[in-house]
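Written out below as structure tokens is the structure these notes cover.
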Amino acid sequence: MKLWGGRFTKPTNELVEEFTASISFDQRLAAQDIQGSLAHVKMLGACGIIPQEDADTISAGLLKLKEKWEGGELPFSIGDEDVHMNLEKHLIAEIGPVGGKLHTGRSRNDQVALDMHLFLKAEAAELAGLLLHLVEVLVAKSEQHLDVIIPGYTHLQRAQPVLLAQHFLAYAGMFRRDVERLQDALKRIDMMPLGAGALAGTTFPIDRELVAQELGFSRLYENSMDAVSDRDFILEFLSAASIVMMHLSRFCEELVLWSSTEFGFVELDDAYCTGSSIMPQKKNPDVAELIRGKTGRVYGHLFSLLTVLKGLPLAYNKDLQEDKEGMFDTVDTLKTSLILFAGMIETMTVRRENTEQAVQQDFSVATDLADYLVRKGLPFRQAHEVIGKLVLHCIEKGKYLPDLTFAEYQGFSELFAEDLYAAIDVRNVVEARGSLGGTGTESVKKQIASYQDWLAVQGREV
Ligand code: ARG
């Protein structure tokens, strides 16, 4: 017998039963559902809506269910549709008809919304923690490699040399904003919908504040229809998650490039790579590629829910059941990606011989040579042209700028003096960029210190 079977004379079509059931995936909310029910029944007792004795019996029954669930001894059935009705059935089986009093003043509509808020509140906080760990890893990696210079790129063409740490800290900036975005989303995840009933509130003298306090929510939804139909908090989470994945994906793309023979800037640890079934020499950056690939599915979940919501009239509609699988998958994908990514960064080695060679054998000090002439009084536009011609000359001769003789330099401009060679020494070039946020070592150290302060404020030990 269905919990709602009263007004029906025929059994549900089998395929309909399967089609409408959510138990296969919403059983993941069992712990939250029980937690919510415990708070609800406590309130029902405290407000005298049901006798205290009954409330106590129900609480004990719920705790028993919790124990059984944790021990894997709670069978769920498709016939009971979702986690809410499966649990209610089990409660009644456990303690008898008094279990039927639990659903007083409540609907599955506010119940499921509550479960989602409880679930996401814990998960978003955990994910923020994983992001903080990743920032820690990047900061540590930066500190360990302050002497490493790599080519900085624009248009994927070598542009100006930068500290590897400057590159890492650019990502730390993205992940810091990701933490802040999750923390901001948490303000709206941390809102309690319970007490909205099916859509209009309830005739019973419930105390919503008491329930919110019991469950640790900071705020209540002020409108019952908003409470049961709002899924903005999930959208915000999916959107923040999509941005995190995008950041990871960009970094992964760089790791794939950097670990190739062509770049050779880093070597990923064996533990984070896989081989080829046919080519014995291969060591593939599968983890980086898969994180990049999985970014697509997280974007998909965001778009899927946006689309589910766009045409929905108030208040609850069964379409809303489609909010769950994408959210669960996003949580899982993000969690695994963040853990693996941090491990991959932590264990990779920088191939200093290759980074050093890369910055010696290119033209990325050309801007500095132009700046040099500017300091000698030449207008920048003219300096730009002189150096452009010098670069062309080098290309024709198969040389780099430091290889040219002083006489050759003089042939291009009489403003050149012997100190030009120091001006294009790659370490000097990097150090010269001491502007706030620039790649000079002091500026990078300041950035590191600022992350350490921020991590301490976030409760991390640094
Ligand atoms: N399984 C449903 C969901 O996930 C629970 C709410 C059902 N409410 C209803 N009126 N059918 O959305």
Side-chain angles (χ1 to χ4, degrees), residues 1-8 11-37 39-40 65 69 74-92 100 102-121 123 189 191-203 211 221 223-235 237-238 301 304-331:
M1 170 78 175
K2 304 264 186 229
L3 283 179
W4 41 254
R7 64 101 60 225
F8 287 77
T12 319
N13 171 295
E14 240 174 77
L15 191 55
V16 168
E17 198 162 77
E18 220 174 280
F19 188 65
T20 54
S22 52
I23 187 63
S24 65
F25 48 88
D26 70 9
Q27 54 181 281
R28 193 161 169 183
L29 296 170
Q32 289 76 16
D33 204 68
I34 293 171
Q35 188 192 356
S37 289
H40 179 66
L65 294 193
W69 163 246
L74 215 55
F76 289 138
S77 93
I78 271 198
D80 292 318
E81 200 176 314
D82 57 25
V83 68
H84 324 293
M85 291 197 294
N86 268 277
L87 284 173
E88 192 177 325
K89 268 270 181 82
H90 277 300
L91 181 68
I92 292 167
L102 169 63
H103 213 49
T104 311
R106 184 176 79 168
S107 152
R108 274 187 297 155
N109 298 349
D110 55 349
Q111 187 180 354
V112 71
L114 174 72
D115 293 359
M116 296 291 274
H117 278 274
L118 282 171
F119 177 85
L120 211 46
K121 195 175 155 185
E123 296 292 347
I189 295 171
M191 283 176 74
M192 198 202 63
L194 204 72
L199 76 163
T202 172
T203 55
V211 179
Y221 278 90
N223 178 292
S224 59
M225 296 177 83
D226 186 29
V228 291
S229 66
D230 173 43
R231 295 296 183 272
D232 294 358
F233 67 103
I234 304 177
L235 283 179
F237 168 71
L238 294 175
H301 296 321
S304 163
L305 187 59
L306 278 168
T307 311
V308 164
L309 292 169
K310 77 177 272 287
L312 290 191
L314 291 181
Y316 179 84
N317 301 271
K318 187 78 167 187
D319 315 44
L320 291 175
Q321 185 165 284
E322 286 292 308
D323 63 355
K324 292 179 191 57
E325 288 157 289
M327 182 194 70
F328 292 146
D329 186 66
T330 300
V331 166

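Just so you know, ligand 1 is whichever comes first in the structure, and atom 1 is the first atom listed for that ligand.
- Heavy atoms of other residues, nucleotides or ligands lying less than 6.0 angstrom from CD of Glu17 number more than 12.
- Ion pairing of Arg108 with Glu81 is present here, as a side-chain N (NZ or NE/NH1/NH2) and a carboxylate O approach within less than 4.0 Å.
- Judged as a side-chain contact (heavy atoms from CB on, under 4.5 Å), and not counting sequence neighbours, Ala200 has no contacts.
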Exercise answer: donor-acceptor pairs, residues 307-317 side-chain atoms, under 3.5 Å, sequence neighbours excluded:
{"unit_1": "Thr307", "atom_1": "OG1", "unit_2": "Phe303", "atom_2": "O", "d": "2.5"}
{"unit_1": "Asn317", "atom_1": "ND2", "unit_2": "Pro313", "atom_2": "O", "d": "2.7"}
{"unit_1": "Asn317", "atom_1": "ND2", "unit_2": "Ala315", "atom_2": "O", "d": "3.1"}

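- Side-chain atoms of His301 do not come within 3.5 Å of backbone N or O of Phe328 as any donor-acceptor pair.
- In terms of the side-chain contact (heavy atoms from CB on, under 4.5 Å) criterion, residue partners of Glu123 (sequence neighbours excluded) are, by chain and number, Phe119, Glu126, Val331, Lys335.
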Could you pull out the N/O contacts under 3.5 angstrom between ligand 1 and the surrounding protein atoms?
{"unit_1": "ligand 1", "atom_1": "1 (N)", "unit_2": "Ser22", "atom_2": "OG", "d": "3.2"}
{"unit_1": "ligand 1", "atom_1": "1 (N)", "unit_2": "Asp82", "atom_2": "OD2", "d": "3.1"}
{"unit_1": "ligand 1", "atom_1": "1 (N)", "unit_2": "Gln321", "atom_2": "OE1", "d": "2.8"}
{"unit_1": "ligand 1", "atom_1": "4 (O)", "unit_2": "Lys324", "atom_2": "NZ", "d": "2.5"}
{"unit_1": "ligand 1", "atom_1": "8 (N)", "unit_2": "Asn109", "atom_2": "OD1", "d": "2.9"}
{"unit_1": "ligand 1", "atom_1": "10 (N)", "unit_2": "Asn109", "atom_2": "OD1", "d": "3.1"}
{"unit_1": "ligand 1", "atom_1": "11 (N)", "unit_2": "Arg108", "atom_2": "NH2", "d": "3.4"}
{"unit_1": "ligand 1", "atom_1": "12 (O)", "unit_2": "Tyr316", "atom_2": "OH", "d": "2.4"}

